[in-house]
Structures are given as C-alpha cells and as structure tokens.
Amino acid sequence: EVQLVESGGGLVQPGRSLRLSCVGYGFTFDDYAMHWVRQAPGKGLEWVSGVSWNSDIIDYADSVKGRFTISRDNAKNSLFLEMNSLRAEDTALYYCAKVSHANYFYYYGLDVWGQGTTVTVSS
Amino acid sequence: DIQMTQSPSSLSASVGDRVTITCRASQSISSYLNWYQQKPGKAPKLLIYAASSLKSGVPSRFSGRGSRTDFTLTISSLQPEDFASYYCQQSYSTPWTFGQGTKVDVK
C-alpha cells in the first residue's frame, strides 16, 4: 500500500526548533518530488515547502523562508522539515505529500498525503 | 505570488444537485490547476489534476474545466459522500498556492 507517515510534531515554545519526518512506503520514493503542506486549526491549506526527486529544486513559502529547511534521504525513503525560530502562527497540522507524476516538481498535483503531524507553538 | 480565488466560499445543496465551484488565478497558470476534496479530520484527496484530468479511482461525476486564469470543478449529481470542502491549487510556479476553499453542506 502506498502511504506516507509523518512524525516529530509536538508542543514547543516560541523561538525553539522542531524536526518533522515523513517516511514513504509502497512506491519508489526517489522518483518523486515531495512537499510539505500545513493547515492551521479551522483554516485552509497552505503550501510550506517542496523538494524535487534529486533535491536540485527546493523552494519555500515566504512565511517560512530562512527559518525552515526541507531535505530528503532517498536511501531511507525519508523527507524532513527542520523548523527553527518557531512562531505562534506556525501552529498547524503538517502534512507531507508526494507529487502524482514521477520526476516532476511542477505541473501536477499531490496524490498521496500522510495523516499529518501536529505542531503547536505556545509558551 | 499567484493568488487563487475560489467562489463561493460555501454553498448548500441537496443530493442529486449539480454543483459548480469556480477558481480564478491572478495570472495565467496554463492548465496547471488541481482540485482536492477534504473531509473533516482527514487529509486532502486529489480529484482532478492538470485542470481536467480525473485521478484514477475518482467517480466520473467529478469534472474539471478551464485554462489560463479561469477554472471550474463540477459535480454532476451530488452524492451523500460529496459533502466536504474543496480546494483548488496551482502547481505552475512556486510558491504553490491554494484557494481559500469551498465548503459544500446539506441544504
């Protein structure tokens, strides 16, 4: 079964750091671009960051640029999001998701999503 | 950044109704527009990619149309399982952006 499993969320104080992980199962992980999308409580979806299959394309939302770092380890079928200088407005459910078409970063949608991991930033 | 504007933000409908949701991009995104369905407490589900391509396994009552800046998602005959929120998303350029969502509930 194709699935993504996130972990690493939790309660953290403002200004502190957290590292999210996502492991892919049931597909050839290193063929696909991967993305992080978040959803604040009761709000809509917000794209956070994406990385191409070979990490040659990486980009971030303006709201997290300079604070968050995306990376992947294809040998371990894993995606990461290092989050520094966390703010209250970063509080959200964080999803990892894969692009539907192999070797594409742009153009296609996200066809497999994890269950999400919750990040709460509060003192 | 490309802004995505969905309308309406919510609508009430009955089983069997034809429902249309509109999404407008602030600049041309060619056909790189995707539609998702999200139910409470669940991850989003991809319905349509590249404006009009139905993802495998998605019922044929869902259809998408449009190009450049104007797009629609149509549900031809609303079913009980279709009451949910729907989001458009452009994958033409980063930062990827989503519409604000349309909540479809029971009339």
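We name chains A, B, ... by the order of the sequence lines, and we start the count at 1 in each one.
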Options Tyr60(A), Phe105(A), Tyr104(A), ranked by heavy-atom pairs under 4.5 Å with chain B, top entry: Phe105(A)
Side-chain (Asn74(A)) to main-chain (Trp53(A)) donor-acceptor, under 3.5 angstrom: yes
Expected output: side-chain Tyr95(A) to main-chain Leu45(A) donor-acceptor under 3.5 Å: no
Atom group of Val99(A) that falls short of 4.5 Å from chain B, counting heavy atoms: side chain
N/O donor-acceptor pair under 3.5 Å between Ser67(B) side chain and Ser31(B) backbone: no
Step-by-step side-chain contact (heavy atoms from CB on, under 4.5 Å) determination, Val104(B) to Ile21(B): CA-CA 10 Å; Val104(B) 178; Ile21(B) 299 169; 4.3 Å; yes
Interface moiety of Val112(A) toward chain B, non-hydrogen atoms closer than 4.5 Å: neither
Heavy-atom proximity to chain A below 4.5 Å, by part of Gln90(B): neither
Atom group of Asp59(A) that falls short of 4.5 Å from chain B, counting heavy atoms: side chain
Largest heavy-atom contact set with chain A, pairs under 4.5 Å, which of Gly99(B), Pro40(B), Ala43(B): Ala43(B)
Presence of salt bridge, Arg38(A) and Glu6(A), under 4.0 angstrom: no
Top contributor to chain A interface from Gly41(B), Ser91(B), Ser93(B) [non-hydrogen pairs under 4.5 Å]: Ser91(B)
Asp105(B)/Ser10(B) under side-chain contact (heavy atoms from CB on, under 4.5 Å): CA gap, chis, key distance, verdict: CA-CA 8 Å; Asp105(B) 61 18; Ser10(B) 65; 5.6 Å; no
Proximal component of Tyr32(B), with respect to chain A [non-hydrogen, under 4.5 Å]: both
